[in-house]
Each structure stands twice: as C-alpha cells, then as structure tokens.
Amino acid sequence: MKVCMTTTRIEQIRQTLGQEIWIEGWLYNKRSSGGIQFLQVRDGSGIIQGVVTKKNEKNFLLAERLTQESSIRVKGIAKEDPRSPTGYELSIQEIELVHLAEEYPITPKDHGTGFLMDNRHLWMRSSKQVPVLRIRHEVMQAIRDYFNEHGFIATESPILTGVSVEGTTTLFGVDYFGEKAFLSQSGQLYLEATAMALGRVYWIGPTFRAEQSKTRKHLTEFWMAEAEVAYFDHEDNLRLQEDLVKYIIGRVIQNKLPDLKALDRDISKLEKIIAESFARVTYKQAIDLLNEKGMGKSWGDDFGAPDEEAISDHFKKPVFIEKFPAVMKAFYMEPDPENQELVKAADLIAPEGYGEIIGGSERISNKELLLKKLEEHKLPREPYEWYIDLRKYGSVPHAGFGMGVERTVAWITGVTHLRECIPFPRQLHRLTP
RNA sequence: UCCUGGGUAGCUCAAUGGCAGAGCAUCCGGCUGUUAACCGGAGGGUUGGUGGUUCGAGUCCACCCCCAGGAGCCA
C-alpha cells in the first residue's frame with residue numbers, strides 16, 4: 001500500500017528520473033555562486049542537491065533567504081549529474097517554505113562532543129548520525145525477523161522488578177508505592193519462565209545499569225536482545241548466537257549498503273565475518289594466550305577491556321570465550337560436568353576492539369543445585385521463589401543469551417562510541433536531552 | 001568512584017604575568033557549477049565560579065562547579 005501519494009523519498013530518486021516530483025525535507029546546506037544556488041536537501045532517507053538559477057526569480061529570492069535546517073517542499077525533475085555530491089541532482093521548479101529555521105547551532109564545521117551531546121536532538125540530523133540510526137533500525141528488524149522465522153515467540157519482560165538478576169550490579173532504585181523496586185538490568189529470569197511456557201522466546205528491551213562507568217562502551221540505559229530456549233544446551237546456544245550475528249550482518253549489507261558506505265565502513269571486513277566460523281577459546285586458553293602476549297594474567301582474573309582487545313586482535317574475528325570459573329559468574333549458570341569449577345557460559349567478543357557483544361550460558365535446571373548456588377552467592381531465597389518454582393515443575397535443560405544492541409550497532413557501523421548508536425543516550429551525568 | 005586532560009565570542013580554537021584574537025555561524029555586499037564553496041565588510045566577550053598572590057591575572061595559587069578521555073564493572 002502506498003501511503004504517501006504525492007511525495008518522493010530521496011532514496012527512491014533513481015526510479016523517478018525525468019519525472020516531475022515533490023520532495024519534502026529540510027535544507028541541510030546551501031552554496032551559491034552569483035546567479036546559481038545549490039540547495040542540499042535531506043529528508044531522512046538521503047540527501048539530494050537541488051539547483052536554482054536566477055531565471056526563476058521567485059525561487060531564487062526565496063532560496064537566498066533560506067537558513068540551514070529550514071523545512072521546505074521542493075518540486076523539480078531529478079537527473080544524474082556527476083557534479084552533484086550525491087550523483088543525482090534536482091532542477092528545482094518550485095520551492096515552498098514550510099518553516100524558516102532560526103540560527104542553527106550545529107554548523108558545518110567541527111564541534112566538541114560535549115556540545116554535540118547537549119544538542120543531541122539536533123545532532124541526530126547530521127550526515128553521519130542518520131545512517132547510524134537507519135542501520136540500528138535494520139539491526140533491530142533483523143533480530144526480530146531472525147527469531148520470528150525460527151519459531152521464537154516474542155515475550156516481554158517487566159522493566160520494574162523487585163529482584164536483581166545477579167545481585168552484584170548496581171541497580172536504579174525506584175519507589176513503588178512505598179516498596180523498593182528496581183529498573184530491570186536483564187529480562188533473563190523472566191524469559192526462563194516464558195521459555196517454559198512457549199519453548200523458544202526472545203525479546204528486545206531496555207536494560208538499566210547504575211554503574212559509574214564512563215567509557216565509550218557503556219550506557220546507563222541500553223537495549224538488549226535476549227533469547228531463551230528450552231531443551232537447549234551450551235553448544236546449541238553458541239550455534240544460535242553465531243547464526244544470529246551472521247544473519248544480522250548479512251541483512252545490513254543487503255539492505256543498508258548506502259548507509260555503510262556513507263560511514264566509510266570497510267565492508268569486506270563484514271563480509272569476512274559471514275564467510276568464516278567464529279573462533280572459540282576456553283577461559284584457560286584465553287589466560288594462556290594473554291600470558292604469551294605478556295599481559296600477566298593468572299587463574300581467576302577477569303578480562304578487562306585491554307585483555308578483550310588483545311584476544312580479538314589475535315583472532316581478527318568474533319571469538320567466544322567459554323567455560324569460565326564459576327566463582328566469576330552469575331549464580332544461575334550450569335556447571336561443566338567435566339570440571340565442576342567451571343560453568344557452561346560464553347562471552348562473544350566482537351573484533352576491532354568493540355568488546356563483548358553477547359553474554360550467555362546454559363542455566364541450572366536442578367533445584368537443589370540452584371538453592372546451593374543462591375546460598376553461595378549470599379542471595380536471599382524469598383525473592384527468587386518463583387524462579388526456583390521453574391525447577392520444581394517440569395524442569396528442563398535450557399540456555400540463552402543477551403546481546404547488547406548498541407555495541408552490535410557500533411561494531412557494524414564502525415562508530416567508536418556507543419552514544420552515537422542510540423537516539424538519546426543515557427550516560428553518567430547526562431540525562432538531557 | 002579513581003586517574004588524566006580541559007573550560008576564552010553561538011561553535012572550534014589562539015593569546016611570554018602587560019591593549020581580548022582567528023576561522024566558522026549571523027548580518028550586509030560580490031560571483032551562473034558550488035562540493036565543510038570562495039572573496040570583501042560589520043556586529044558579537046562578566047575569559048566556568050569564589051577567594052588569594054601581584055603595580056597589573058585569561059595566564060600563577062587554593063577550593064568548588066562543569067565537560068571530555070580512560071580504568072574498574074559489564075552488554
């Protein structure tokens with residue numbers, strides 16, 4: 001169904017060459033040279049250069065008045081033109097001014113990040129931010145399509161919770177009618193319940209971490225794509241994750257190639273990801289590898305950002321790190337039968353220094369073991385009663401994972417900072433806009 | 001929370017302890033193929049705050065506020 005009958009979107013311009021069309025958008029930039037003016041018009045789907053000459057005096061005078069980011073409708077005929085920065089050019093027949101913009105704070109010159117973040121609501125209009133947000137959309141849609149096509153049911157987890165998933169992470173507390181509640185840091189526990197009802201479930205939702213982290217790889221509010229599958233084990237889990245990640249990248253290459261190019265992304269690196277198997281190392285092998293590289297690691301150490309980067313640089317492809325010592329990880333993870341000190345968990349580290357994008361594990365299905373682990377982690381039993389119930393009534397082996405959407409988007413787009421991968425980032429000391 | 005670097009025009013940045021500057025943006029003028037267009041002109045400042053040193057502080061000292069980068073933790 002065609003919803004907008006009268007206007008053409010710039011991304012469709014190729015199909016309208018030679019025809020009279022209307023474009024509705026904003027003036028991105030303007031250049032002029034005496035009797036000719038070049039209007040860079042953007043509409044969210046792309047940018048096209050429009051040309052106005054003195055021959056049409058009414059348009060010419062109006063174009064002279066136009067300010068950066070003024071909203072306009074323009075009528076014209078598009079054609080290919082190598083002199084245009086985008087390859088296509090619109091010879092403008094008519095300009096309708098919708099709103100004359102006031103002095104726009106973001107100029108075509110350099111700006112600092114603090115200023116851009118203060119103006120995030122405007123910054124997102126710029127030529128780099130638009131493709132990133134369009135790719136984010138494609139990633140989200142690809143995740144939904146992948147799961148939907150594989151028999152998963154989308155089930156939503158609550159945002160307001162009375163229980164923390166891991167107990168260790170700092171949570172945002174809220175007052176819930178006089179009771180203490182928290183903003184969810186993961187939907188996993190709830191997904192385990194819905195997986196027992198529906199078999200295979202997923203959801204994409206916001207998660208909140210009140211950690212005082214202040215780096216390019218952290219947000220206090222970020223989106224996680226989580227999946228949970230009944231009768232799944234650790235191996236199944238890793239296979240699913242690899243297949244999903246490859247599918248997402250394939251979809252972005254297929255549908256958002258112009259945006260990747262606009263971001264100067266090295267597409268051959270992404271194509272290589274799809275073509276090859278991901279690397280796999282155990283925690284122990286990773287420790288040994290880091291020691292070979294002289295990073296002085298010993299058993300029980302966690303991996304920091306420099307460690308992850310060294311590991312991913314070594315393989316130059318996504319790498320699963322699996323079989324972590326149980327003491328380092330969450331209470332609900334299934335021990336490795338070959339070594340009870342380890343758990344059947346894995347982190348997926350993205351290449352090119354983008355860090356961990358997925359964390360997953362097989363979950364404990366035995367009630368007594370779960371109770372023992374809760375105790376070892378010094379967690380109270382009472383808020384977990386419903387979770388323990390899942391191990392009382394038809395418990396099955398099951399596994400799942402959570403993927404950080406922004407980190408995945410950052411990796412695919414080649415953007416170095418997570419704040420550019422979400423429309424309105426929430427960071428330490430940054431709550432507006 | 002800790003470490004490091006910053007805060008000067010709307011923005012990005014200059015300025016030996018000695019008259020507060022440039023580019024972009026804005027306004028005025030010029031140019032019929034611009035590519036962050038270019039050329040000429042104009043307006044625009046409580047140098048983050050408080051206190052101190054000094055004949056004199058944007059610059060030095062103390063405390064505070066704010067921003068950025070990184071660490072830890074994590075996705």
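Just so it is clear, the structure is predicted and the values come from calculations on it, not from any experiment. A note on names: the letters A, B, ... follow the listed sequences, proteins ahead of strands, and every chain is numbered from 1.
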Looking only at B:U34, B:C74, B:U12, the nucleotide nearest the A:Phe115 side chain is B:U12
In terms of side-chain heavy atoms of A:Glu308, which of B:C74, B:A68, B:G33 is nearest? B:C74
Quick one: A:Lys214 NZ to B:C67 P, roughly how many Å, whole number? 8 Å
Interatomic distance where CZ belongs to A:Phe60 and C1' belongs to B:U34 [whole Å]: 12 Å
What do you reckon, are the aromatic ring centroids of A:Tyr190 and A:Trp203 less than 6.0 Å apart? no
A:His111 side chain, from C-beta outward: closest of B:A75, B:U12, B:A36: B:U12
Atom-pair distance (NZ on A:Lys128; P on B:A36), nearest Å: 17 Å
Counter-base of B:U12, judged by Watson-Crick or G-U geometry with both distances under 3.5 Å: B:A22
Would you tell me if any nitrogen or oxygen in the side chain of A:Arg216 comes within less than 4.0 Å of OP1 or OP2 on B:G69? no
Nearest-Å distance for atom pair CD1/P, residues A:Ile321 and B:C74: 13 Å
NA contact type, A:Gln37, heavy-atom cut-off 4.0 Å: base, sugar-phosphate, or nothing? nothing
State plainly whether the residues A:Glu11 and A:Arg134 are in salt-bridge range, i.e. N to O under 4.0 Å. yes
Side-chain donor or acceptor of A:Glu89 under 3.5 Å from a matching atom on the base of B:G33? yes
Check every strand shown and say whether A:Ser32 touches a base, only sugar-phosphate, or nothing at a heavy-atom separation below 4.0 Å. base
Once you apply a heavy-atom cut-off of 4.0 Å, does A:Leu219 come out as touching a base, just sugar-phosphate, or nothing? base
B:G33 P sits how many Å from A:Glu80 CD, rounded? 22 Å
Could you give the distance separating B:U47 and B:U12 at their C1' atoms, to the nearest angstrom? 16 Å
Looking across every strand, which nucleic acid part, if any, lies under 4.0 Å from A:His218 by heavy atom: base, sugar-phosphate, or nothing? base
Can a donor-acceptor pair under 3.5 Å be found between the side-chain atoms of A:Arg407 and the base atoms of B:C74? yes
Interatomic distance where CD belongs to A:Glu211 and C1' belongs to B:C73 [whole Å]: 5 Å
Sort out the partner of B:C60 for me: Watson-Crick or G-U wobble, both distances under 3.5 Å, none otherwise. B:G52
Among B:G69, B:U26, B:G72, which nucleotide sits nearest the side chain of A:Glu103? B:U26
